[in-house]
Amino acid sequence: MGERELIGPPLDRGFFGRPSDEVAPDLLGRVFVHGPVAVRLTEVEAYGGPGQDPASHTYRGRSPRNAVMFGEPGHLYVYFTYGMHFCANLVCMPEGIGSAVLLRAGEVIAGAEVARARRLGPADGPSAPAARRPIRDRDLARGPARLAVALGLIREHNGTDCCVPGPMRVHAGRPVDAGDVGAGPRTGVAAGAETPWRFWIGEDPTVSPYRRHVPRRRG
DNA sequence: TTTCTGATCTTCT
DNA sequence: GAAGATCAGAAAC
């Protein structure tokens, strides 16, 4: 099967203009493409929406940081966290309602060498490949920060429209049977941890291990 | 295999 | 000033 058949046609804006907890499981098996790298999504989390979601960045209202989440659906929301990581979301719901789906993990199905090079960092830097343990294929995009690195997503991509012709699109891929979709509490969130808005493809090796929120100790 | 901890800085209170 | 939608490596088991 050729790559074209594998990733299918791009999804249109209507796909994203729904509640995030409806879009999230529907995104499993879809393919996020950025330039030469394509990732088949295997794990996602829904945030925000019309109701109150204390775990969402939009819970306390609009701010310069989360403005994209209140914008047009189908755009990319990239944020910086823990002082060193980027995470990527796809905006859902019509404009004015802060809602998005966090891309937590996936399988790299094209551009694996580019993704691996990004994960390893510069060849002559302190994290040179020779000084690092090898990265298994299943770990290339296993976890939200790793996925962002593999796809080359950084701050400048915040607000990118993924529903127009360009290097960044979400393709139909192959939807997953409802029976193969797992659901459970979201990873690493303190508030709203009981809401089962984390969705993954059952038995898929690229799904990241669940970690509950652990309050950090003061130094 | 599981648990713990340091790294690092933006955002919000 | 404190916490955070994390990760990698070390230590413990």
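Every chain is numbered from 1, with letters handed out A, B, ... down the list of sequences.
Ion pairing of A:R18 with A:D26 is present here, as a side-chain N (NZ or NE/NH1/NH2) and a carboxylate O approach within less than 4.0 Å.
Here the nucleotide nearest the side chain of A:R119, chosen from C:dA5, B:dT13, C:dA8, is C:dA8. Which of B:dT8, B:dT13, C:dT6 sits closest to the side chain of A:R60 comes down to B:dT13. Nearest nucleotide to the side chain of A:P144, out of B:dT8, B:dC12, C:dT6: C:dT6. Of the candidates C:dT6, B:dT10, B:dC12, the closest approach to any side-chain atom of A:R104 belongs to C:dT6. Minimum atom distance to the side chain of A:N89 is reached by C:dA5, of the listed C:dC7, B:dT10, C:dA5. Set against C:dA8, C:dG4, B:dT8, the side chain of A:T81 has C:dG4 as its closest nucleotide. In the set B:dA7, C:dA5, C:dC7, the nucleotide with an atom closest to the side chain of A:R146 is C:dC7.
Judged by distance alone, with hydrogens and angles left aside, A:Y79 brings a side-chain donor or acceptor within reach of the base of C:dA5, the pair sitting under 3.5 Å.
A cation-pi geometry, defined here as NZ or CZ lying under 6.0 Å from the six-membered ring centre and within 45° of its normal, does not hold between A:R212 and A:Y210.
The CE atom of A:M69 sits 15 Å away from the P atom of B:dT11 (whole-angstrom rounding). As rounded to whole Å, 16 Å separates atom P of C:dA5 from atom CZ of A:R212. Rounded to a whole Å, the CZ atom of A:R211 is 8 Å from the P atom of C:dT6. The distance from atom OH of A:Y210 to atom P of B:dT3 is 13 Å, rounded to the nearest whole Å.
A:R186 comes within contact range of no nucleotide atom at all, as no heavy-atom separation falls under 4.0 Å. Note on A:A145: only backbone sugar-phosphate atoms sit closer than 4.0 angstrom, heavy atoms only; bases stay farther off. As judged by a 4.0 angstrom heavy-atom cut-off over every strand, A:F80 is placed among residues touching the sugar-phosphate backbone only.
When the side chains of ILVMFWY residues are joined at heavy-atom separations under 4.5 Å, either directly or via intervening members, A:M69 and A:V189 end up in a single hydrophobic cluster.
At C:dA5, one or more side-chain N or O atoms of A:H57 fall inside 4.0 Å of OP1 or OP2 (strictly under the cut-off). Taking 4.0 angstrom as the limit, A:H85 places none of its side-chain polar atoms (N or O) nearer than this to OP1 or OP2 of B:dT8.
Under the Watson-Crick or G-U wobble criterion, with both distances below 3.5 Å, B:dT13 has no partner in any strand shown. The nucleotide C:dC7 finds its pairing partner in B:dG6, both defining distances of the Watson-Crick or G-U wobble pair being shorter than 3.5 Å.
At a threshold of 4.5 Å between non-hydrogen side-chain atoms, the residues A:R104 and A:V44 do not count as touching.
The aromatic rings of A:F80 and A:F86 are tilted relative to each other, their planes meeting at an angle between 30° and 60°.
We find that the ring of A:Y47 and the base of C:dA5 stack, their centres lying under 5.5 angstrom apart and their planes tilted less than 30°.
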